[in-house]
Amino acid sequence: MNAVRLAVDPLTAAQRLLGATLSCRGVDATIVEVEAYGGVPHGPWPDPAAHSYGGPTARNAVMFGPPGRLYTYRSYGMHVCANVVCGPDGTAAAVLLRAAVVAAGEPVARGRRGQVLPRESLARGPGNLCSALGITMADNGIDLFDPRSPVRLRLGAPLAAQAGPRVGVSRAADRPWRLWAAGTPEVSAYRRSPRAPAPGASD
DNA sequence: GAGGGGATTGCCT
DNA sequence: GGCAATCCCCTCG
């Protein structure tokens, strides 16, 4: 079981997910950009920007469960974003998948995106990644290492990573928990949240 | 039961 | 760079 390799802190898990292959409904994609998220204030990785910061709720319950599961949430009412749960069972942590390179099933991915796009844009951005792979809210909580699952994850040799601040978060905006594979054009553009305090302000 | 916010995206000027 | 689209979920009364 590869899930044990994710039973670690979110930043280490994020590093291990760079270069991993995600397979879903006819498309294989190599993960090239991720963001680490932690949990509750008094847990091992307090993170004010994480959905799990306020404790378990119906929405974020999967984040508190065992590693290797898929945590999906709806963003701004229209996009689905996918996370890989990490950390030991009982802790809250996850890694948001922000961009991937489509390695197989490109016509399927193009059909889902429904428009003419350059190859590197097919799964760039967390919402677009889920769209290209066909991941929906119904996939929340599934085991990514179960051969029967419609969404599968295969860990490989991690890629060389660069780090920077997370995109779009309004709290702990300067924490460098966004990792991407050096030199790939598929990584999403950096946008600071409109609600984030000025750069350099304390968490 | 109502109200507000958000780990986004693409199109507008 | 600005902004609208859109839907849970969470919080509060």
Under 6.0 Å between ring centres, would you say that holds for Tyr73(A) and His51(A)? yes
Minimum-distance nucleotide to Thr57(A) side chain [options: dC10(C), dG6(B), dT8(B)]: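 When the side chain of Thr57(A) is considered, dC10(C) is the closest of dC10(C), dG6(B), dT8(B).
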Which of the following nucleotides, dA7(B), dC9(C), dC8(C), is nearest to the side chain of Asn83(A)? dA7(B)
Please assess Arg171(A) against Asp47(A) for the test salt bridge (charged side-chain N to carboxylate O under 4.0 Å, His left out), listing each intermediate value before the final yes or no. CA-CA 9 Å; Arg171(A) 291 176 290 183; Asp47(A) 184 1; over 6 Å; no
Rounded to whole Å, how long is the line connecting atom [atom1] of [X] with atom [atom2] of [N]?
| X | N | atom1 | atom2 | value |
| --- | --- | --- | --- | --- |
| Arg74(A) | dC10(C) | CZ | C1' | 17 Å |
| Tyr76(A) | dT6(C) | OH | C1' | 12 Å |
| Met78(A) | dC11(B) | CE | P | 13 Å |
| His51(A) | dT11(C) | NE2 | P | 12 Å |
| Leu96(A) | dT8(B) | CG | C1' | 11 Å |
| Arg171(A) | dG5(B) | CZ | P | 13 Å |
| Arg59(A) | dC10(C) | CZ | C1' | 9 Å |
| Glu33(A) | dT8(B) | CD | P | 11 Å |

Under 3.5 Å for both pairing distances: what stems, at least three Watson-Crick or G-U pairs long, include DNA chain C? B:1-6 with C:7-12, B:8-12 with C:1-5
Could I get the full list of salt bridge (charged side-chain N to carboxylate O under 4.0 Å, His left out) partners for Asp139(A), not counting sequence neighbours?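 So Asp139(A) forms a salt bridge (charged side-chain N to carboxylate O under 4.0 Å, His left out) with Arg25(A).
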Under 6.0 Å from the ring centre and within 45 degrees of the ring axis: does the NZ or CZ of Arg166(A) meet both conditions for the six-membered ring of Tyr37(A)?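 The answer is yes, since Arg166(A) meets both limits relative to Tyr37(A).
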Using distance alone, with no hydrogens and no angle criterion, decide if Ser131(A) and Asn128(A) have a side-chain donor and acceptor under 3.5 Å apart.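 Looking only at side-chain atoms, Asn128(A) and Ser131(A) do not form any donor-acceptor pair under 3.5 Å.
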Will you find, in the side chains of Trp177(A) and Glu35(A), an N or O donor that is under 3.5 Å from an N or O acceptor? no
On DNA chain C, does the nearest nucleotide to Asn60(A) precede the nearest nucleotide to His79(A) from the 5' side, or the other way round? Give the residue. His79(A)
Between Met137(A) and Ser75(A), name the one whose nearest nucleotide on DNA chain C is closer to the 5' end.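 The 5'-side residue here is Ser75(A).
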Give me the one residue out of Leu22(A), Leu97(A), Val27(A) that meets side chain to side chain contact (heavy atoms under 4.5 Å, CB included) with Ile135(A).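 Among the candidates, only Leu22(A) passes.
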Looking only at atom P, what distance separates dT13(B) and dA5(C), rounded to whole Å?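 Here dT13(B) and dA5(C) have their P atoms 15 Å from each other.
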